[in-house]
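Report on one structure; see the data block that follows.
Numbers here simply count residues along the sequence, with the first being 1.
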Amino acid sequence: MSTPIRSAALRLLAATALASSFVLTTAPAHAVTSACHPRGRDLSVTFQPIDHTVTDAQYFLARLTLANRGGRCSLGGNWALYFNSVRRPAAVLPGTAGDTARAQLAGQGLSVAHADNAQSGDLYVLKPTSGFKPLGPGERRQIDINIELWAVQKTDAPAGWSISFDGGPAEWVPAKTLLDPADPKQTKAFSGDNRPVQTAAIRFADNTAQRANLALKQRLLPQPLSATAGQGTVTIDGRTTIRNPAALSGEAGYLRSALGDVIKGRGGKGGAVIRLSVDPKLDVDHDGKADAEGYTLRSAATGVDIVGTDAAGVLYGVQTLRQLIPVSAYEAAARGARPSKIALPSATIADAPLFGYRGLGIDVARHFETKQTIEKFLDLMSYLKLNRLHFHLSDDEGWRLQIPGLPELTGFGAHRGLDTGQTKQLHQGMGSGNDLGAGDGVTGKARSETEANLGRKPAYQGFEQDTLNFVGKGSGYYTTADFGELLKYATRRHIEVVPEFDFPAHARAAVQSMEHRYQSTGDATYRLLDPKDTSQHTSVQGYTDNLANPCLPSTYAFLSKVVTEVKGLYAKAGAPLGTFNLGGDEPPGPNRWQGSPACKSNPQTAGKDDAALMNYFFTKWNQIALTAAPTTAGWEDVVRDDPRTLKLDHFIALPWQNVWGWGREAWAYHFANNGQPVILAHATNLYMDMPYNKDPDEPGYYWANYVDEKNTFTYQPYDVYASATQDRWGNPFTPDPSWEKLTPEGRKNILGMEAQLWAENGKSQEIREYQAFPKLLGVAERAWNRDTPNTAQMPAAWNVFDNTLGQVTFPLLSFYKPVGLPGVGVNYRIPLPGGQVQGGTLTANVRNPGLAIEYSADGVSWKRYGGPVKAGPTVLLRTRAADGRTSRISTVGLPVWQAGTAYPAGALVDHQGEIYRATRGSSSAAPDTSPTSWTLVQ
């Protein structure tokens, strides 16, 4: 059905109108001409899930609202509307579901198909057929389309929309997604999804932490083994002297820089002294053995003594010292008024870690991140006493490290764009090409993140519409110089960078880059595919051509080349390369290479089935990687993918697929009990890219769980089953008594744990920080703190942790200054308040005591909440951080807009999950189509 658009802003692509309505008024009839096309910017697409009950977990009904906001041209024929979608349009599926969806679209004069020549991945195109009725100026039309599975978070929406007319250049089409949290048909994925959508009432019931007076030990994160407050303080000022042996010059320089960020002054004599030293026999837990990375810190009126078992321990003592500096000093420095002196409490602290391996995995392949962003994460990791950066440098969607001698890897494989033939770059993926820049085949894109966000500067406190509108670094790579600088920066912070190049699957960027090289030069030295291979397989992400062939000698020539060059980069930077990660996850199957003539003709692979070929590949890949590092690592799939198993020399497994009910919950302990070294990387608790909770505005995919800081904090490394209380759909779940338990010998093989920050939705630095913080704080606590609470102790420990974050850690992060880098503050997630109105009285709370709550009756003026207060039935709530940033709005008693109702000026309503305020009296028009009558409250 086509309807006229009723906005008053015909010729203006006004940002405020875009944000609230996405529509413009009808043009005069004489302006219409059939010999023209509307600009991409004059069109818009709104996506909305409508009904998940049409099938049960097979596909759902979605709606595209296509609007022609231009005043002159109709949208007629011969156009192609491109987009990426993590959920496949059902029309590309085989069988009955596909037939139904194709008929559905055909009835609307449309068709949808894979857009790229390779028919691989998540790029699709919507085209008109002969039955398409032109969409005139000022009209909009609802298009029904079936999509596979479900979409209950806004990040499930299609992204990266552009239109091409008559085969010409593609132009940006502004896009938006809606998802109404009050409509169960939109939010209940299927009949077995019983996880409730977050509301103010649910948060109010869940926010059980009471404000507590924190002891010194409880104010530090991660908590030390012991911390005793003394009498008095020690004054640190510009005269403070740092004394250290030459071997600790790096640690002393780090401390000097960190103090200089907070305190003004040019030095002098007579101040307190900070002494740094190493005692290799330091035994902080008094068990008769030295504690690697341990330290003691003693502060008194005359100065501070930090003693480490090693240089790393000294640096961790320095990081604890940084946490002892009052928040007020950091705040003053952030506002440009560094104090001349600060007072630190007198204290005696002793500390050492639980695990020797405390990691964070950062994916820069799906979306790239700048060197400065990674350096900031490295400094934050050191601040939290984490010591391994697992650097995911390659995947299907991008290769991110310059390799001398293989320029195609970054010249071709580090770039994405609307290049359906992949003549110059990989095709557009995950809704992004070259961010808002040029060179990716899409013209007319937004000129800023604000414009891409439809008129509002993104706060990145949850989902933002700009992530649908090409914001995201699909292109980019580190030069060898960049990488060397990263390695040096990490090494100064005692962080080892573990490089990962993911093979044989998740390797599309490498496979296609080397194919591009072969087609350009005719040189097959590093070719990764057999062109005559007829095997058919599709990866979880929809790729049909992302596997490196294990039967080609050139595959191992390529891997050897990469490993040799990477080893050289580490050596040049003077950085340790202790572990080389092989990747190895999610190889699509089961028929991977059985159609490859190369496999049949190679004497070493002839007659091998796919399982045997996998083992053959990983054995050789492991041997190659061991030429650069003493140990290797990889995902659990490398050594076990039932029924295939493998034992590799010097290999560390990262078990990740412990999703409750999948049958792989016990793999980590099975590995460890059988002598396999393990790094815990469980998706249910340690995947930080998962949404915080079931709120449509929380970014992330939720295939394993919803993960917040409570999931990370309550994780018990030696009893991971303890957190298996619900499955990912919110249903009660009880661990199977037969699941293998960790034995005392197996415990010795748990080397550590690692959080993962995957990048499918990590389209900006701010989103990355939002996803990581505060989740990473719980990871740091569990990886470092030796006193892991058991299930009975956990509620009390959680109450303390909640208070630590609200009273101390969040304010510190608000004004955090990464050492040696510009900028201040971390974009941590500010929790939404809970609240209720009963008997005309508003009661509100927040998860973390110490954070401020504000309330409003009109969405314009806000007041500080100090306790129960008289209020009307409708109240808006938000949380304010120490730096002035606020959370998303939490609503109490907000009525849903009703058609035919006249609303007075100032009235607040919920329409399709968005908050609107009437700007004039007797407003009865739909809020999303009448920006002159309604204002979007954000």
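Of all heavy-atom pairs spanning T619 and N615, the tightest one is OG1-O, 2.8 Å. Counting all heavy atoms, side chain and backbone alike, G578 lies closest to T631 at O-OG1, 2.7 Å. The minimum heavy-atom distance between L552 and R527, with the atom names listed, is CD1-O, 4.0 Å. In plain terms, the two heavy atoms of L582 and N622 that are nearest each other are CD1-OD1, 3.7 Å. Minimum heavy-atom separation, D122 to Q428: OD1-O, 4.0 Å. Here the closest heavy-atom approach between residue E586 and residue V540 is recorded as OE2-CG2, 4.0 Å.
With salt bridges taken as basic N to acidic carboxylate O contacts below 4.0 Å, one links R664 and D641. The residues E515 and R508 are annotated as not salt-bridged, no charged nitrogen and carboxylate oxygen being separated by less than 4.0 angstrom. Salt-bridge formation is detected for the pair R366/D395: a Lys NZ or Arg NE/NH1/NH2 atom is positioned less than 4.0 Å from an Asp or Glu carboxylate oxygen. A salt bridge is defined here as a Lys NZ or Arg NE, NH1 or NH2 lying under 4.0 Å from an Asp or Glu carboxylate O, and D440 with K445 meets this definition. Looking at D642 and R644, no side-chain N of the basic residue comes within less than 4.0 Å of a carboxylate O on the acidic one, giving no salt bridge. A salt bridge between K371 and E485 is present, with a side-chain N of the basic residue lying under 4.0 Å from a carboxylate O of the acidic one. A salt bridge links E769 with K376: the closest approach of a Lys/Arg side-chain nitrogen to an acidic carboxylate oxygen falls below 4.0 angstrom.
Sorted by first and then second residue, the pairs that involve residues 505-555 and meet ring pair (Phe, Tyr, Trp, His ring centres under 6.0 Å), not counting sequence neighbours, are F412-H516. Applying the disulfide (SG to SG under 2.5 Å) test to pairs two or more places apart or on separate chains, those with a residue in residues 575-657 are C551-C599.
Note on ring orientation: taking the six-membered ring where Trp is involved, the planes of Y687 and W656 are parallel (angle under 30°, cut-offs 30° and 60°). Taking the six-membered ring for Trp and thresholds of 30 and 60 degrees, Y616 and Y556 have ring planes more than 60 degrees apart, a perpendicular arrangement.
With ring centers used as reference points, F503 lies 6.0 Å or more from F617. Here the two rings, on W784 and F355, have centers that are 6.0 Å apart or farther.
Side-chain atoms of K775 come within 3.5 Å of backbone atoms of M690 as a donor-acceptor pair (strictly under, hydrogens ignored). Q422 places no side-chain N or O within donor-acceptor distance of the main-chain N or O of D419, the cut-off being under 3.5 Å.
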Would Q657 and E636 satisfy side-chain contact (heavy atoms from CB on, under 4.5 Å), going step by step from the backbone distance to the final call?
CA-CA 8 Å; Q657 299 179 81; E636 65 186 26; 2.9 Å; yes

Working note: F483 + Q402, criterion side-chain contact (heavy atoms from CB on, under 4.5 Å); need CA distance, chi angles, decisive distance, verdict.
CA-CA 9 Å; F483 193 66; Q402 181 183 26; over 6 Å; no

Going through the checks in order, is the side-chain contact (heavy atoms from CB on, under 4.5 Å) test met by E500 and F580?
CA-CA 7 Å; E500 180 191 351; F580 204 107; over 6 Å; no

Run the side-chain contact (heavy atoms from CB on, under 4.5 Å) test on V720 and Y669 for me, step by step, so that the C-alpha distance in whole Å, both residues' side-chain angles and the decisive distance to 0.1 Å come before the verdict.
CA-CA 9 Å; V720 298; Y669 292 168; 3.4 Å; yes

Could you check W635 against H390 for ring pair (Phe, Tyr, Trp, His ring centres under 6.0 Å), going step by step and ending with a plain yes or no?
CA-CA 12 Å; W635 303 107; H390 174 179; 5.5 Å; yes

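No cation-pi contact links R768 to Y770, judged by a cut-off of 6.0 Å to the six-membered ring centre and 45° from its axis.
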